[in-house]
Amino acid sequence: MPNRPMPVFPEPDTQAFWEAAKRHELTYQQCNSCRGVVFTPRAHCTACGSLDLATKVSRGEGEVYTYSVVRQNRNPSFADLGAYAVAYIDLDEGFRMLSNVVGVNDPTKDVHCGQRVRVEWETQESGDYPIPVFRPI
Amino acid sequence: MASQSRTAAIVGMYEWPKRLDRDVSAMQIKAASIAKALEDAGLKWSDVDGLYDANDGEGGGGLGLAPYLGLRPTVIDTTAVGGSAYEFQTAHALADIASGKCNVAVLSYGSKAASQRIPIGTGGASAASNWQSNMENPYGHTLVSSYAMVASRHMHQYGSTPEQLAEIAVTTRYHAMRNPQAVQAMNDLQFQGVSEVSIEDVLESRMIADPLHLLECCMVSDGGGALVIASADVARNTRKKPVWIIGSGQATKYRENKGDITTSAAAQSAPIAFGEAQVRPDEIDIAMIYDSFTITVAVMLEDLGFCKKGEFGDFVAGGRLRFDRPGALALNTDGGGLSSNHPGMRGLFLLLEATRQLRGESTAQVPGARLAVAHGNGGYLGHTHCGGTIILAAD
Ligand SMILES: [Zn+2]
């Protein structure tokens, strides 16, 4: 079972995102003033400065904007994983999220820009939070 | 060209010669480099009245460096924007000198990244949390993969190729082999094969984070140096011919929803710098561009306006940017971060080699070089970075 580094709290901007993750909800924010989409989570709108943000639940589908396959990471949580794909995912609701693309035979060949993907929740060996990762649809 | 600014000039410089140096501290590298750079300029320790620092070394910064050196500057600037700090500080020194706040400004750098075995590019555990780390640490993103993501998207968007990226590493190594300090660095840091390399050599080297290979990644070295910038009045009496600071620009770029990762901060900083300098990219003789990775140079050649977006491949092809090929600018003539030194924040060395070229002192000298660009980059290209552009001119 994966044993990724967990988010560390208290951290006021990101706490709600990870509490929602426990319910397998991928959340983002939208500004009630200018309708701008805010991600990663913050307490203010990055487009207009408004402090009035609504939290929304994403459908969890999008496409790979770009990616890389990491062959070398000295962090013990990743050192033994073998090659794995990190990617920016453009969710259909208009936010871009760092994650991993999983569930492919060979990440060096089977991941590409523009690929459609869907979120799934990866349970961890230790720690309270399942981690949202993406699998090709 | 008569309208170009002649307000402040680089008048002294020194680069720490060793890239693996267990017996000195970073602070010693900084102090000794400042002393040597002042000697190069023919100026005295007590002439320094402006101190600029990136908060590097052991206990440096605005609070720590002046007492260590024993100076009482009237301008204290601690601009810390990673590897672009020195281009930002040069712009600030120009403004401070222009407004009469100081006359002799000193920038310095010292790092022990190699002898302390700091894993700059390939991760390491981090315990502290903030608004970014909590959204990133679970995924095993490294510094190298951040740059590699830019390369993947660039290839997807413009059809650029691994061979085109590799050409940048080939050109840089060609220059490094003419620089004795770079050759010593590669030997001391135990490079496999200290020699010129081919595109095939680059593409056959180990993949670190797709699509970036080992020979497309900068080294991790010790090192440092110093730069002395002085007012026009002071520059009239210094030992070496002045290298004038004629334009500067600063910008930041970061990961955004719907943003274009293939465009860097240079797209914003360069037009400001070129406008101020009243020169065009096609007039530039020397381009010193922060080569943390091949993709960094590729993106910045485009964003600095040397070629169109997506077309760096044709611009660099066939060794076109070597110092001994007339008709195009020369790129990273000291050997760059890829093959000469990269102690973590390379921005200072861009200014040092640009100065050497405009003085006629480079080991890969372009005859009659008159205009140079130094573009520093700090942070992670595909994530959050600052870019600083400086344009320099010889008389
Ligand atoms: Zn708003």
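Chain letters run A, B, ... following the sequence lines, proteins first, then strands; residues in each count from 1. Because the structure is a prediction, the values reported are computed rather than measured. Side-chain atoms are counted along with the backbone in the values below, which use heavy atoms only and exclude waters and symmetry mates.
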Straight-line distance of B:D210 CG to A:Y67 OH, nearest 0.5 Å: 7.0 Å

Between OG on residue A:S99 and CD on residue B:E136, distance to nearest 0.5 Å: 12.0 Å

Options B:S146, B:P138, B:A148, ranked by heavy-atom pairs under 4.5 Å with chain A, top entry: B:P138

Closest approach of B:S145 to A:V70 (non-hydrogen atoms, all atoms of both residues): CB-CG2, 3.7 Å

Reported CZ-to-CH2 distance for the pair A:R42 and B:W131, which is rounded to 0.5 angstrom: 4.5 Å

Proximal component of A:Y65, with respect to chain B [non-hydrogen, under 4.5 Å]: both

Minimum side-chain heavy-atom gap A:W18-B:M135 below 4.5 Å: yes

Per-residue contact mode, A:P107 against chain B (heavy atom under 4.5 angstrom): neither

Distance (rounded to the nearest 0.5 Å) between B:E256 CD and A:F95 CZ: 16.0 Å

Nearest-0.5 Å distance, CD of residue A:E11 to OG of residue B:S133: 7.0 Å

Backbone N/O of B:G259 and side chain of A:R96: donor-acceptor pair under 3.5 Å: yes

B:Y254 atom OH: more than 12 heavy-atom contacts under 6.0 Å: no

Derivation of the side chain to side chain contact (heavy atoms under 4.5 Å, CB included) call for B:N134 and A:F17: CA-CA 10 Å; B:N134 270 0; A:F17 176 89; over 6 Å; no

Interface residue of largest heavy-atom contact number with chain B, from A:A87, A:P7, A:C113, under 4.5 Å: A:C113

Neighbour count >12 (heavy atoms, 6.0 Å) for atom CG, A:D106: yes

Inter-residue atom distance B:N257.CG - A:T40.OG1, 0.5 Å rounding: 8.5 Å

Salt bridge present between A:D90 and B:K258 (N-O < 4.0 angstrom): no

Neighbour count >12 (heavy atoms, 6.0 Å) for atom CD, A:E125: yes

B:M149 side chain near A:Y88 side chain, heavy-atom distance below 4.5 Å: yes

Taking every non-hydrogen atom, the tightest pair across B:R153 and A:T66: N-OG1, 3.3 Å

Contact check, side chains of B:R206 and A:R71, non-hydrogen atoms, under 4.5 Å: no

Heavy-atom side-chain proximity of A:M97 to B:Y139 below 4.5 angstrom: yes

More than 12 heavy atoms of other groups within 6.0 Å of A:R116 CZ: yes

Non-hydrogen side-chain atoms of A:L98 and B:H141 separated by less than 4.5 Å: yes

Expected output: side-chain B:N137 to main-chain A:M6 donor-acceptor under 3.5 Å: no

Side chain proximity check, B:T142 to A:F78, heavy atoms < 4.5 angstrom: no

A:K22 atom NZ: more than 12 heavy-atom contacts under 6.0 Å: yes

